[in-house]
Amino acid sequence: MPPFRAIPVTEHRLRSMTGRAEPGPRTVVRFAGDSGDGIQLLGGEFSKAVALEHHDLLTLPDFPAEIRAPAGSTFGVSAFQIQFGGDGVLTPGDEADVLFAFNPAALKTNLHTLKPGGLIVAGEGAFTDRNLKRAGYAENPLEDGSLTGFRLIRIDMTRLSAEAVASTGVGKKQAGRAKNFWALGLCFWLFGGRREPAIDWISRKFAAAPDVVASNVAALNAGHAYGETMELDAGDAALGARGELHHGLFRTITGTDAMGLGLAAVAALSGLKITYCSYPITPASALLHFLASLKGQGIVTFQAEDEIAAATAALGASYAGGLGVTTSSGPGIALKSETLSLAVAAELPLLAIDVQRAGPSTGMPTKPEQADLNLALYGRHGEAPLPVLAPATPSECFDIVIEAARIATDHMTPVMILSDAYIANAAEPWELPEVDALPPIAPTFRTDPEGFEPFARDPDTLARPWAKPGTPGLAHRVGGIERASGSGEISYDPENHQRMTDLRAEKVARVALDGLDHDIDSGADRGDLLVLGWGSTYGAIEEAVSRMNRNGLAVGHLHLRQLAPLPPNLGAILARFSRVAVAELNKGQLVRLIRSEFLVDARSVTQVNGLPFRVSDLEAALRDCLDGSQGRPGHGLRTVTGSAGKTA
């Protein structure tokens with residue numbers, strides 16, 4: 001198999017988390033403020049600085065659902081969390097060591113994320129009577145003694161930032177906007193990091209507005225100077241260890257960016273024109289923005305008038321000899337279901353990407369969930385199977401997109417990719433792959449009219465031939481009405497419908513024969529407990545299993561990247577363990593599939609609160625599974641409890 005299928009970058013990141021070595025010191029920092037405070041930009045630039053210092057890292061952007069909530073309101077708070085230090089950082093951290101609270105609402109909504117004795121850096125200038133009242137405080141928490149269990153540094157960042165940029169001549173509005181760079185400069189003092197790369201980025205980003213460049217750089221330098229002059233320190237939180245990354249060209253990458261670069265790689269590897277069709281929806285819209293910024297590179301972007309139009313346009317692009325891609329979140333995928341059924345019936349390649357969010361309906365649009373698995377597996381009318389893949393980390397999105405495109409074109413089938421809001425927005429270091437090592441994608445178009453039948457079958461894959469419209473002698477019809485096997489003529493014959501239904505199902509089943517390799521990701525190869533997961537639960541499961549193995553338990557972790565068809569060796573792996581637990585961010589969708597397919601008494605560990613698993617809560621739940629403890633009476637379900645979630 002091509003080397004990328006083993007996800008080489010991920011394997012490198014895993015080696016320090018397999019229980020063979022203790023992880024080094026790590027630091028968790030959380031920034032929180034109004035949506036207009038530039039929290040996501042602050043977190044993103046701090047992440048880059050951390051990576052440049054050879055720290056491993058993983059981030060968790062936490063967006064509000066409101067586009068622009070009233071300033072100072074609790075429901076308009078934006079947050080960004082990062083864990084860094086050493087190798088093998090696989091989660092954004094259970095608890096923050098340091099919390100930057102730009103206003104009372106940020107403190108109110110994020111204090112519970114800070115560990116006891118942690119450091120609060122409070123923007124006291126925003127703790128006005130009006131803001132305190134809007135956040136629901138009767139008294140000022142900076143003065144009433146309620147924060148005595150924490151270390152508190154009070155800084156009027158608004159005033160200090162305004163003073164720092166006064167000489168640049170910018171107005172009051174821009175002076176207020178620069179306070180996130182003032183905070184970034186303070187972070188460089190507290191945690192280390194070079195200002196020069198950030199200054200270079202500011203100069204490029206705002207090159208059209210020299211006064212903005214000057215004000216942001218002045219604020220950055222002033223924040224650093226303040227920390228140095230006041231001799232501030234982050235205490236133990238500043239002890240993040242440098243990683244031992246091997247030599248190579250790295251960048252920080254989000255799941256969205258990795259998926260976009262993966263689609264660009266598909267265009268280059270296959271020679272196909274990629275037609276990306278979507279309708280705006282959170283959190284999937286960011287991929288359209290990224291691809292549009294590539295300005296070509298073999299990809300055409302199309303923002304359709306609705307979800308159905310986006311899906312049908314993408315399918316039309318595939319019919320015309322390109323590769324159509326359509327993306328949405330749960331509500332939009334539901335609307336695309338008829339087109340996906342048409343793609344199954346017409347047997348055309350298509351990529352459908354579901355960036356899952358908390359539902360149902362509008363739900364919590366900016367929060368992650370894994371509740372669309374059943375929708376991906378079964379959410380079409382009729383017998384309409386299709387392959388379903390799921391990346392485990394942000395960087396894996398690159399590899400999974402390439403694999404999905406290979407499957408779609410080799411097997412002439414639509415393929416679903418399940419991402420989620422966490423993977424899409426989180427960032428981690430990614431080593432740029434060697435271009436020559438990327439797997440080939442070699443679509444084959446029928447050009448010879450001799451003996452052509454549009455629904456003849458490849459003996460190995462059962463794929464039908466792909467003929468571009470307009471190819472001389474290859475005129476044919478495709479559509480949703482059942483076709484005769486071979487000739488493709490319209491057919492209502494009962495035996496033919498049975499045959500075609502069986503062929504379509506067997507074609508998808510054969511994807512498993514040349515699909516992704518699966519084996520134990522880490523931990524015990526056999527033993528007392530196998531923890532099965534998929535998607536963005538990877539990091540939390542990996543760390544929980546690592547902790548259990550360091551305590552002498554025989555626990556293994558297997559993470560499924562291919563959910564349909566299931567890996568052919570999965571049953572044999574399950575049989576090597578006395579117990580099986582399935583951890584997922586839904587009410588137990590994969591566990592039901594495992595129970596029905598393999599008749600295994602698998603335990604279910606679930607959480608549905610719009611947040612990733614906390615490692616400590618997950619470990620406690622897995623220990624219950626290992627001990628044979630029961631969840632709710634008469635039910636195998638075990639919902640993670642603790643600060644990350646409550647038993648349903």
Side-chain angles (χ1 to χ4, degrees), residues 260 262-279 287-288 291-292 294-328 335-353 384 386-387 401-402 404-417 440-449 452-458 461 463-481 483 487-490 504 507:
L263 289 172
V266 168
L269 292 167
S270 66
L272 297 173
K273 176 181 286 186
I274 306 299
T275 303
Y276 181 89
C277 309
S278 74
Y279 178 77
L287 185 54
L288 173 62
L291 292 173
L294 296 181
K295 302 183 185 304
Q297 306 299 323
I299 300 174
V300 174
T301 57
F302 169 55
Q303 181 176 313
E305 65 267 28
D306 56 45
E307 296 283 7
I308 296 172
T312 52
L315 185 59
S318 294
Y319 172 67
L323 179 60
V325 183
T326 189
T327 300
S328 190
L335 290 168
K336 298 177 192 291
S337 63
E338 184 177 5
T339 302
L340 291 172
S341 293
L342 175 59
V344 172
E347 301 189 46
L348 287 168
L350 178 72
L351 300 188
I353 302 170
L386 53 75
V401 164
I402 295 176
R406 184 196 65 81
I407 291 173
T409 54
D410 283 359
H411 296 263
M412 292 293 286
T413 178
V415 178
M416 180 82 77
I417 300 174
I441 300 176
T444 302
F445 291 97
R446 179 70 181 249
T447 57
D448 184 6
F452 171 67
E453 288 189 318
F455 283 86
R457 302 284 168 180
D458 181 278
T461 64
R464 76 170 186 87
W466 196 0
K468 293 182 182 180
T471 304
L474 299 184
H476 64 286
R477 293 178 296 178
V478 296
I481 298 178
R483 304 289 169 173
S487 71
E489 298 296 328
I490 292 174
R504 288 189 289 262
K507 180 179 72 171

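All figures in this text were calculated on a predicted structure; none of them were measured in a lab.
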Colleague: Among residues at least two apart in sequence or on other chains, which ones pass side-chain hydrogen bond (donor to acceptor under 3.5 Å, both in side chains) with Gln303?
Modeller: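 Counting only residues at least two positions away or on another chain, Gln303 forms no side-chain hydrogen bond (donor to acceptor under 3.5 Å, both in side chains).
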Colleague: Taking all non-hydrogen atoms of both residues into account, name the closest pair between Leu474 and Pro449 and its distance.
Modeller: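 Minimum heavy-atom contact is CD2-CA, 3.5 Å.
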Colleague: As an exercise, state the distance from OG1 of Thr275 to CG of Leu315, rounded to the nearest 0.5 Å.
Modeller: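 The OG1 atom of Thr275 sits 11.5 Å away from the CG atom of Leu315.
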Colleague: Identify every side-chain donor-acceptor pair in residues 263-272 under 3.5 Å, counting partners at least two apart or on other chains, and give the distances.
Modeller:
{"unit_1": "Ser270", "atom_1": "OG", "unit_2": "Val266", "atom_2": "O", "d": "2.6"}
{"unit_1": "Ser270", "atom_1": "OG", "unit_2": "Leu272", "atom_2": "N", "d": "3.1"}

Colleague: Under the 3.5 angstrom rule, does the side chain of Lys507 hit a backbone N or O of Met412 as a donor-acceptor pair?
Modeller: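 Present.
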Colleague: Which residues pass the side chain to side chain contact (heavy atoms under 4.5 Å, CB included) test with Ser487, sequence neighbours left out?
Modeller: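 Partners of Ser487 under the side chain to side chain contact (heavy atoms under 4.5 Å, CB included) test: Glu453, Ala484, Glu489.
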Colleague: Sequence neighbours excluded, which residues qualify as side chain to side chain contact (heavy atoms under 4.5 Å, CB included) partners of Ala408?
Modeller: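 Side chain to side chain contact (heavy atoms under 4.5 Å, CB included) list for Ala408, sorted by chain: Pro349, Leu351, Val415.
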Colleague: Please find the pair of heavy atoms, one from Ala304 and one from Ala310, that lie closest to each other, and give the distance.
Modeller: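 Taking every non-hydrogen atom into account, CB-N, 3.5 Å.
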Colleague: Roughly how far apart are Ile353 CD1 and Ile417 CD1, rounded to 0.5 Å?
Modeller: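 With rounding to 0.5 Å, CD1 (Ile353) is 4.5 Å from CD1 (Ile417).
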Colleague: Holding to ring-ring contact (aromatic ring centres under 6.0 Å, His included), I want the full list of residues that pass it with Phe455, two or more places apart in sequence or in another chain.
Modeller: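 Here no residue qualifies.
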Colleague: Can you list the steps and then say if Lys295 with Thr301 is a side-chain contact (heavy atoms from CB on, under 4.5 Å)?
Modeller: CA-CA 9 Å; Lys295 302 183 185 304; Thr301 57; over 6 Å; no
Colleague: Can you sort out the partners of Arg446 under salt bridge (Lys or Arg N to Asp or Glu O under 4.0 Å), two or more places apart, ordered by chain and number?
Modeller: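 Arg446 satisfies salt bridge (Lys or Arg N to Asp or Glu O under 4.0 Å) with no residue once adjacent residues are dropped.
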Colleague: For the OG1 atom of Thr471 and the CZ atom of Phe452, what is their distance to the nearest 0.5 Å?
Modeller: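 It is 8.5 Å, given to the nearest 0.5 Å.
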Colleague: Please find the pair of heavy atoms, one from Gly260 and one from Leu294, that lie closest to each other, and give the distance.
Modeller: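 So the two residues come closest at O-CD1, 4.4 Å.
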Colleague: Among residues at least two apart in sequence or on other chains, which ones pass side chain to side chain contact (heavy atoms under 4.5 Å, CB included) with Thr461?
Modeller: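 Once residues adjacent in sequence are excluded, the partners of Thr461 under the side chain to side chain contact (heavy atoms under 4.5 Å, CB included) criterion are His411, Asp458, Ala463.
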Colleague: Measuring from Ile407:CD1 to Ile402:CD1, what's the distance to the nearest 0.5 Å?
Modeller: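 If we round to the nearest 0.5 Å, Ile407:CD1 and Ile402:CD1 are 12.5 Å apart.
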Colleague: Charged N to carboxylate O under 4.0 angstrom, Arg483 versus Glu347?
Modeller: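 Between Glu347 and Arg483 there is no salt bridge, as every charged N stays at least 4.0 Å from the carboxylate O atoms.
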Colleague: Write down the atom of Pro414, the atom of Pro387, and the distance for their closest heavy-atom approach.
Modeller: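 Looking at all heavy atoms of both residues, the closest pair is O-CD, 3.2 Å.
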Colleague: Please report the closest heavy-atom contact between Phe302 and Ala313, naming both atoms and the distance.
Modeller: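 Scanning both residues completely, I find the closest heavy atoms to be CE2-CB, 3.8 Å.
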Colleague: Who are the side-chain hydrogen bond (donor to acceptor under 3.5 Å, both in side chains) partners of Ser328, not counting sequence neighbours?
Modeller: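 Once residues adjacent in sequence are excluded, the partners of Ser328 under the side-chain hydrogen bond (donor to acceptor under 3.5 Å, both in side chains) criterion are Glu307.
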Colleague: Would you name the heavy atoms of Gly324 and Ala317 that are closest together and state the gap between them?
Modeller: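 Minimum heavy-atom separation between Gly324 and Ala317: CA-CB, 4.3 Å.
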Colleague: My understanding is that only residues two or more places apart in sequence, or in another chain, count here; which of them pass side-chain hydrogen bond (donor to acceptor under 3.5 Å, both in side chains) with Tyr279?
Modeller: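 Result, side-chain hydrogen bond (donor to acceptor under 3.5 Å, both in side chains) vs Tyr279: none returned.
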Colleague: Enumerate donor-acceptor pairs with a distance under 3.5 Å from any side-chain N or O in residues 337-344 to protein atoms, sequence neighbours excluded.
Modeller:
{"unit_1": "Ser337", "atom_1": "OG", "unit_2": "Ala334", "atom_2": "O", "d": "2.9"}
{"unit_1": "Ser341", "atom_1": "OG", "unit_2": "Ser337", "atom_2": "O", "d": "3.3"}
{"unit_1": "Ser341", "atom_1": "OG", "unit_2": "His381", "atom_2": "ND1", "d": "3.3"}

Colleague: Only counting residues at least two apart or in another chain, list the ones meeting side-chain hydrogen bond (donor to acceptor under 3.5 Å, both in side chains) with Arg504.
Modeller: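 side-chain hydrogen bond (donor to acceptor under 3.5 Å, both in side chains) list for Arg504, sorted by chain: Glu482.
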Colleague: Is there side-chain contact between Thr409 and Ile441, with heavy atoms separated by less than 4.5 Å?
Modeller: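 Thr409 reaches Ile441 side chain to side chain.
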Colleague: Show me the pairs that pass side-chain hydrogen bond (donor to acceptor under 3.5 Å, both in side chains) and involve residues 317-327, at least two apart or across chains.
Modeller: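 Sorted result for residues 317-327: Tyr276-Thr327, Thr326-Lys336.
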Colleague: Measuring from Leu291:CG to Leu288:CG, what's the distance to the nearest 0.5 Å?
Modeller: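 CG of Leu288 is found 7.0 Å from CG of Leu291.
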